[in-house]
Amino acid sequence: MAEAADFQSTSRSPARRWLRRAAAALVSAPVLATLLYVPAAPASAAEKASPSRTVDVSLDTLTPTTPVEGDTLTISGTVTNEGKETVNAAQVDLRLGSRMANRGEIDAVARRTGFRPGDDGAALGGPYSVKIPQLAAGISKDFSIAVPVDKLGLDDEGVYQLGVSLTGRTGSTRYDQVLGIERTLLPWQPEATEKKTQVTYLWPLISSTHLSAESGSDDQQTPVFEDDALAAELAPGGRLERLVALGAELPVTWVVDPDLLATVDAMTRNYQVKAGDERVPGKNQAIAKQWLNSLDKAVQGDKVVALPYADPDLASLAHRGKDVSGSLSHLQPATEVAESTVETILHVKPSVDFSWPVDGAVDPSIVDIATSAGADKVIARSDSVRDELPYTPNAARPIGGGTTAVVADASLSTAFEGDMTRAGNSTLAVQQFLAHTLAVTQQQPGKLRSIVVAPQRMLTAAQAQSMATALRALSAQRWTQPSDLLTAAAAKPDDRATTKVPGARKYPAKLRKRELPVQAFQDMKITQDSLDNFKVILTMASRVVTPFGNAINREMSASWRGRAEPASAYRKSVQVHLLDLTSEVQLIDKSDLTLSGRSATIPVTVQNQLLQDVEHLVLRLTSTKPTRLKLNGGNAVTELPVKIAGGHSQSVKFTASANANGPVPMTAQLYTEDGKPYGKPMTFTVKVSEITPTVMLVIAGGFLLLALAGIRMYTHRKRAAAREADPGEEPGTEAEAGTPPATGPEGTAEDAPEATAEEATEATAGAGKTTAPSADPEQPSDPVPDTGAQSTDPSAQGEKVDR
């Protein structure tokens with residue numbers, strides 16, 4: 001954005017400034033005249049900028065960051081000789097540069113590298129310098145300079161350039177030269193301004209995905225984590241622990257991903273962690289409980305904004321996902337579950353009216369997606385929604401359709417990006433941040449304005465520490481006062497601020513390259529379709545729908561940007577786990593059958609290895625040759641309902657009738673009640689072998705012989721009993737009666753086998769059951785199926801179905 005307006009003083013008069021500058025010019029005139037007569041003076045040579053990067057100067061501390069009258073400014077740091085020659089007679093000096101005219105100059109100072117005599121000011125010298133007799137190549141030396149603020153020569157309120165330089169000479173140089181310099185910024189506003197800028201600082205609590213879609217088979221559904229890395233972030237000194245501890249002391253608006261809260265909440269109880277193919281118990285419950293307790297206390301009384309569950313990548317959805325059916329349907333549920341999750345865990349009611357595209361970059365399609373789930377406020381950034389104004393307007397402005405864009409200040413929002421573990425980087429970032437806030441206030445001193453700072457989503461502990469240092473420096477409220485995001489969004493828009501959303505072509509190419517690919521949303525669709533098909537058969541669908549629905553939300557998280565391979569692996573793991581669950585309800589492979597007659601019962605076994613009952617399933621059996629084998633009285637296809645208790649199997653029986661001999665391929669397939677196939681089909685063959693008239697005659701003859709044998713055995717038994725009852729009967733009577741005696745191996749009647757009439761009758765009846773055809777369509781003669789209603793055993797090989 002354009003920040004071209006000069007600072008407007010709030011206390012010193014223009015006449016006083018003119019007198020001071022005129023006096024400085026008179027004092028410098030004799031020096032200038034002397035320089036004209038000494039062409040190669042050493043003092044002049046020291047001000048040349050040629051080798052000013054031989055020595056690296058780092059400013060590690062600057063206190064106080066926002067001095068007032070009577071303070072002593074202390075600057076400490078390190079100088080390092082990065083050249084190949086030893087620096088002799090070195091001296092570290094403090095230099096006060098000019099006052100910055102606008103915010104653009106502040107950014108220019110931050111980018112400047114080499115020494116510039118006209119811009120970097122003269123060295124204070126004297127007691128406010130540090131002498132280093134010798135600085136060998138590769139060697140570092142610490143320094144510290146303390147100077148009373150009134151010795152700096154600060155004039156009007158505003159932002160001043162403050163530099164620390166090292167002057168010296170090397171073996172290849174004849175005169176002293178500035179061999180290194182580092183610049184920072186010094187806000188000078190010793191008294192409070194009449195109007196203070198309202199500053200809203202967002203404090204994001206967002207992490208990457210750690211929770212999988214998998215859960216234990218127990219009633220508590222023990223969660224399974226992809227890894228246990230989150231514990232390190234929650235532990236004392238960890239990233240998330242520092243964010244909570246620092247944020248608790250600062251006037252910030254908490255911006256929370258509800259998935260992070262749900263994940264940590266799951267860690268407070270029993271949980272498991274993936275370790276290859278194994279699952280090991282998690283051991284960080286105490287750390288998770290401590291973090292949640294600390295966060296609960298920290299947010300009380302503050303404003304909390306809940307992002308949609310798992311912080312979806314709105315730009316990826318707008319640019320890549322909206323053309324994949326069903327992708328946008330996840331936003332509304334993600335917003336609904338966000339509110340309940342935060343309220344349940346943190347005991348505060350969050351605002352769900354805000355959406356936050358990555359880096360605040362927007363275009364019309366992103367705004368449409370961002371507001372599709374009910375949010376009517378979009379957090380943008382000023383390097384995307386640009387205001388061509390000489391001052392910084394209020395953050396809020398209407399952009400049409402009842403939507404408000406809350407445009408965060410880009411310079412302030414990006415001030416703490418980079419490596420803040422280096423003290424030098426942190427010190428410069430803090431001073432630059434403070435300088436920009438004072439510059440905003442002094443652009444239009446009589447006008448109250450409201451600005452928003454939206455830092456990077458995934459703050460490191462060092463970045464959070466640097467931001468906290470800057471916010472503490474503003475606590476005196478000399479030119480700013482804290483506000484919150486809801487208040488900033490409700491502020492009166494500036495009449496001159498832009499309300500136009502930039503076109504799609506202006507969306508940053510570097511951000512577009514890091515978006516989720518179209519394949520990611522196609523994978524999500526496959527998972528969602530499988531889940532929709534699975535849940536209709538479950539009696540306790542929430543045990544599956546909730547964890548997998550949350551997992552799909554995590555798949556579109558903004559945290560996957562720039563991490564294509566881990567994102568793909570996570571999506572695949574969700575799909576595989578869902579497939580494993582759905583395959584727990586399946587058909588048991590069946591061996592080929594033989595049908596020896598015109599009718600039979602064909603059993604098909606369905607197995608349910610889930611821990612819950614399944615219903616709303618039908619089993620469809622298809623005869624590919626209905627002219628040879630028909631089902632259910634004449635159909636080629638027939639269906640029967642299926643309902644199976646958890647951990648059991650069921651044998652579903654179909655009736656069949658044969659018309660001709662030969663093999664008949666059969667296909668069994670499960671379907672949901674709405675007609676969608678469920679699982680894989682199962683095929684087997686029924687071999688039809690119809691009984692001919694000749695075979696029937698042979699069977700009838702065998703039956704007659706068995707009947708005659710039974711009669712003979714009965715008669716013989718009766719006569720033997722009669723002999724035993726009449727001991728006086730003469731031998732040979734039986735022979736005389738024309739009945740041949742039964743003889744054993746020795747030819748005696750006593751050795752013959754004895755059979756009762758009942759045994760003969762049972763033998764005859766048994767033979768009839770084995771061979772005689774039955775016309776009963778209910779098949780009362782069928783044997784009990786090898787797989788009962790609660791049996792999981794598959795049909796035996798070569799299973800035969802009787803007629």
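Predicted, not measured: the structure shown is a model, and the values here were computed from it.
- Aromatic ring pairs are classed by plane angle as parallel below 30°, tilted from 30° to 60° and perpendicular above 60°; the pair F416 and F433 is tilted.
- Put simply, the side chain of K195 does not reach to within 4.5 Å of the side chain of T441, judged on heavy atoms.
- In terms of heavy-atom proximity, A361 sits nearest to P508 at CB-CD, 4.1 Å.
- Side-chain atoms of I181 and V57, non-hydrogen and from C-beta on, never get closer than 4.5 Å to each other.
- A donor-acceptor pair under 3.5 Å links the side-chain atoms of T371 to the main chain of V367, judged by distance alone.
- The minimum heavy-atom distance linking R386 with T498 is given by the pair O-CG2, 3.2 Å.
- Under the 4.5 Å side-chain criterion, counting only non-hydrogen atoms from C-beta, L438 is not in contact with E157.
- The backbone N or O of S426 sits nowhere less than 3.5 Å from a side-chain atom of S466 that would complete a donor-acceptor pair.
- Side-chain contact between S327 and R320 is absent, with no heavy-atom pair separated by less than 4.5 Å.
- Distance alone, capped at 3.5 Å, is enough to place a donor-acceptor pair between the S475 side chain and the R472 backbone.
- Considering only heavy atoms from C-beta on, R99 stays 4.5 Å or farther from V159 through its side chain.
- Cation-pi geometry between R554 and W560 is not met at under 6.0 angstrom from the ring centre and within 45 degrees of the axis.
- Using a 4.5 Å heavy-atom threshold, the side chains of N394 and I451 count as separate.
- The aromatic ring centroids of H330 and Y309 lie 6.0 Å or more from each other.
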(request) Just do the side-chain hydrogen bond (donor to acceptor under 3.5 Å, both in side chains) check on R103 and T392 with the steps written out, would you? (result) CA-CA 10 Å; R103 296 186 68 186; T392 303; 2.9 Å; yes
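- Between atom OG1 of residue T437 and atom CZ of residue R478 there is a gap of 10.5 Å, rounded to the nearest 0.5 Å.
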(request) Would you please test L428 and E182 for side chain to side chain contact (heavy atoms under 4.5 Å, CB included) and show each step? (result) CA-CA 9 Å; L428 296 180; E182 182 63 275; 3.9 Å; yes
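- Using a 4.5 Å heavy-atom cutoff, the side chains of V199 and P482 are not in contact.
- Proximity of L202 to V252: side-chain heavy atoms (C-beta onward) are nowhere separated by under 4.5 Å.
- Between the side chain of T263 and the backbone N or O of D259, at least one donor-acceptor pair lies under 3.5 Å.
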